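Just so we're on the same page: letters track the sequence lines, and every chain starts at 1. This structure is a prediction, so every number in the text was calculated from the model and none was measured.
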Protein chains: 2
Amino acid sequence: MDIGKYKSNDKILVAVDCIIFGFDGGALKALLIKRSLQPEKGKWSLMGGFVNQNESTDEAATRVLRQLTGIENIYMEQLYCFSDVNRDTAGRVISIAYFALINIADYSEQLQAEHEAKWFELGQLPDLVFDHTVMVLKAQESLREKVARQPIGFELLPNKFTLPQLQSLYEAIYETSLDTRNFSKRILALGVLNKLDEKEKKNSRRGAFYYVFDAIKYKSLETNGVRFI
Amino acid sequence: MDIGKYKSNDKILVAVDCIIFGFDGGALKALLIKRSLQPEKGKWSLMGGFVNQNESTDEAATRVLRQLTGIENIYMEQLYCFSDVNRDTAGRVISIAYFALINIADYSEQLQAEHEAKWFELGQLPDLVFDHTVMVLKAQESLREKVARQPIGFELLPNKFTLPQLQSLYEAIYETSLDTRNFSKRILALGVLNKLDEKEKKNSRRGAFYYVFDAIKYKSLETNGVRFI
DNA sequence: TCAAAAGTGTTCTAGATACACCCATGT
DNA sequence: ACATGGGTGTATCTAGAACACTTTTGA
């Protein structure tokens with residue numbers, strides 16, 4: 001046997017697919033594109049791409065995300081490997097799904113047009129190619145779990161945000177409504193938000209104070225296991 | 001372009017590696033084998049194998065687990081896809097890691113000898129090939145998260161088990177000690193264990209009652225999110 | 001002055017924790 | 001009789017849930 005070359009084993013096409021979540025202040029959305037290659041060309045799809053011989057799946061996902069959004073440092077996390085033999089109707093492809101969180105305002109209109117991309121509210125998704133609907137549902141489930149225990153919700157908001165915005169975000173993610181008093185008590189008690197002097201004035205006459213997430217303060221809590229919600 | 005055949009893209013070797021956990025009444029252990037092929041032949045390793053063109057990664061993992069343990073219905077769960085370009089020193093291989101939970105007593109001595117397999121206490125693992133140590137650590141972390149919210153701890157115990165055994169299991173997984181009174185209160189309050197008339201008499205003169213997990217009773221709680229610990 | 005959103009405190013409840021003694025039985 | 005592990009109850013504490021009114025300000 002040839003030492004250590006694994007020559008006799010099957011090679012397989014490996015892809016990444018990205019579930020890109022965004023929040024517009026009211027609803028949680030996913031970014032979909034019109035698939036640009038056969039089969040199923042023209043159907044709504046997640047943004048994806050093949051993994052090259054010389055890149056990790058993380059690198060491939062980062063590349064795909066940059067291509068579609070133009071954003072450099074996107075929060076991104078591996079979700080799951082989907083590998084059913086017939087999941088892709090054109091051949092054997094296993095796909096490593098990633099979910100990403102972006103501030104919807106950072107996303108360039110221009111790229112959106114180029115890729116025929118569109119934001120869809122979760123729960124109002126169109127039919128998707130292959131197993132992409134399953135991927136989105138699993139991503140949503142994973143997002144719900146993670147966002148309660150890690151400070152990743154902030155990735156979906158602008159750098160400075162108000163408490164009502166943050167509350168709306170959690171309400172959208174969990175499809176529930178929260179008590180304002182209990183919410184602000186719990187979040188502020190964590191001590192990881194810094195209040196600014198500045199107010200956001202678009203949504204109300206009175207205005208709501210901006211806050212920023214303080215990663216340093218968070219670091220010191222991290223070990224004990226925090227609950228954001 | 002050839003419609004829908006993805007001809008121009010790179011194909012990659014895909015493997016599965018299995019972290020097999022077992023519990024011997026005192027410590028949580030992982031089953032390792034002496035690697036049987038080059039490179040790194042003879043070093044301690046997770047049990048693994050390549051994914052064939054005509055099988056999913058779940059199927060490949062099931063196959064690999066059956067090969068090593070002889071057990072048919074093993075509890076198994078996909079952990080993570082490891083894909084660093086240089087993770088395998090002999091070529092580009094991405095690996096989908098799975099963790100599995102087995103009742104250590106079910107495991108045949110014969111197969112253990114055949115594969116030169118051995119149980120190691122976590123925390124006393126030998127050097128492992130490639131990135132397998134990282135895989136085990138990630139599996140352990142995932143096990144801790146899952147076992148608190150899903151009734152999978154029972155997979156590590158015999159069908160009938162005593163409360164002291166169950167408590168020892170959780171103590172081993174979390175490397176902590178628990179209060180006997182609080183533990184039995186909480187577990188029994190869930191109402192998913194059925195007490196048998198029979199007693200286990202090996203560990204004490206008095207004997208401890210056996211219990212069995214009742215999957216039906218668990219089903220009805222499942223939606224509300226249970227906490228086992 | 002009024003409409004519309006922001007902001008804030010107290011009581012109650014349930015689940016978690018802390019804690020120590022008696023029981024059963026084989027030797 | 002005694003050594004060994006099995007089994008149980010109560011008081012306290014704490015985090016989460018329920019709940020409504022006042023403030024600000026642009027139009």
Closest approach to the side chain of [X], judged atom by atom: which nucleotide of [options] is it?
X	options	answer
Arg227(B)	dA3(C), dA16(C), dG7(C)	dA16(C)
Arg205(A)	dA3(C), dA3(D), dG7(D)	dA3(C)
Lys185(A)	dC19(D), dG7(D), dT10(C)	dT10(C)
Ser184(A)	dT8(C), dA5(C), dC19(C)	dT8(C)
Arg181(A)	dG7(C), dA20(D), dT27(C)	dA20(D)
Asn182(A)	dA6(C), dT8(C), dC19(D)	dC19(D)
Arg206(B)	dA6(C), dG9(C), dG7(D)	dG7(D)

Just how far, in rounded Å, is [atom2] of [N] from [atom1] of [X]?
X	N	atom1	atom2	answer
Lys199(B)	dC23(C)	NZ	P	14 Å
Phe183(A)	dA15(D)	CZ	P	19 Å
Phe209(B)	dT25(C)	CZ	C1'	13 Å
Tyr211(A)	dA6(C)	OH	P	12 Å
Ile187(B)	dT8(D)	CD1	C1'	16 Å
Leu178(A)	dG7(C)	CG	C1'	16 Å
Leu166(A)	dA5(C)	CG	P	19 Å
Arg186(A)	dT8(C)	CZ	P	16 Å

Heavy-atom side-chain contact between [X] and [Y] under 4.5 Å:
X	Y	result
Leu178(A)	Thr176(A)	yes
Arg87(B)	His132(B)	yes
Lys118(A)	Trp44(A)	yes

(message) Using a heavy-atom cut-off of 4.0 Å across all strands, would you classify Lys201(A) as base, sugar-phosphate, or nothing?
(response)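 The residue Lys201(A) makes sugar-phosphate contact but no base contact.
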(message) Base, sugar-phosphate or nothing for Asn203(A)? Non-hydrogen atoms, less than 4.0 Å.
(response) sugar-phosphate
(request) Compute the ring centroids of Phe209(A) and Tyr211(A), then answer whether they are less than 6.0 Å apart. (result) no
(message) With a sphere of 6.0 Å drawn around NZ of Lys146(A), does it hold more than 12 non-hydrogen atoms of other residues, nucleotides or ligands?
(response) no
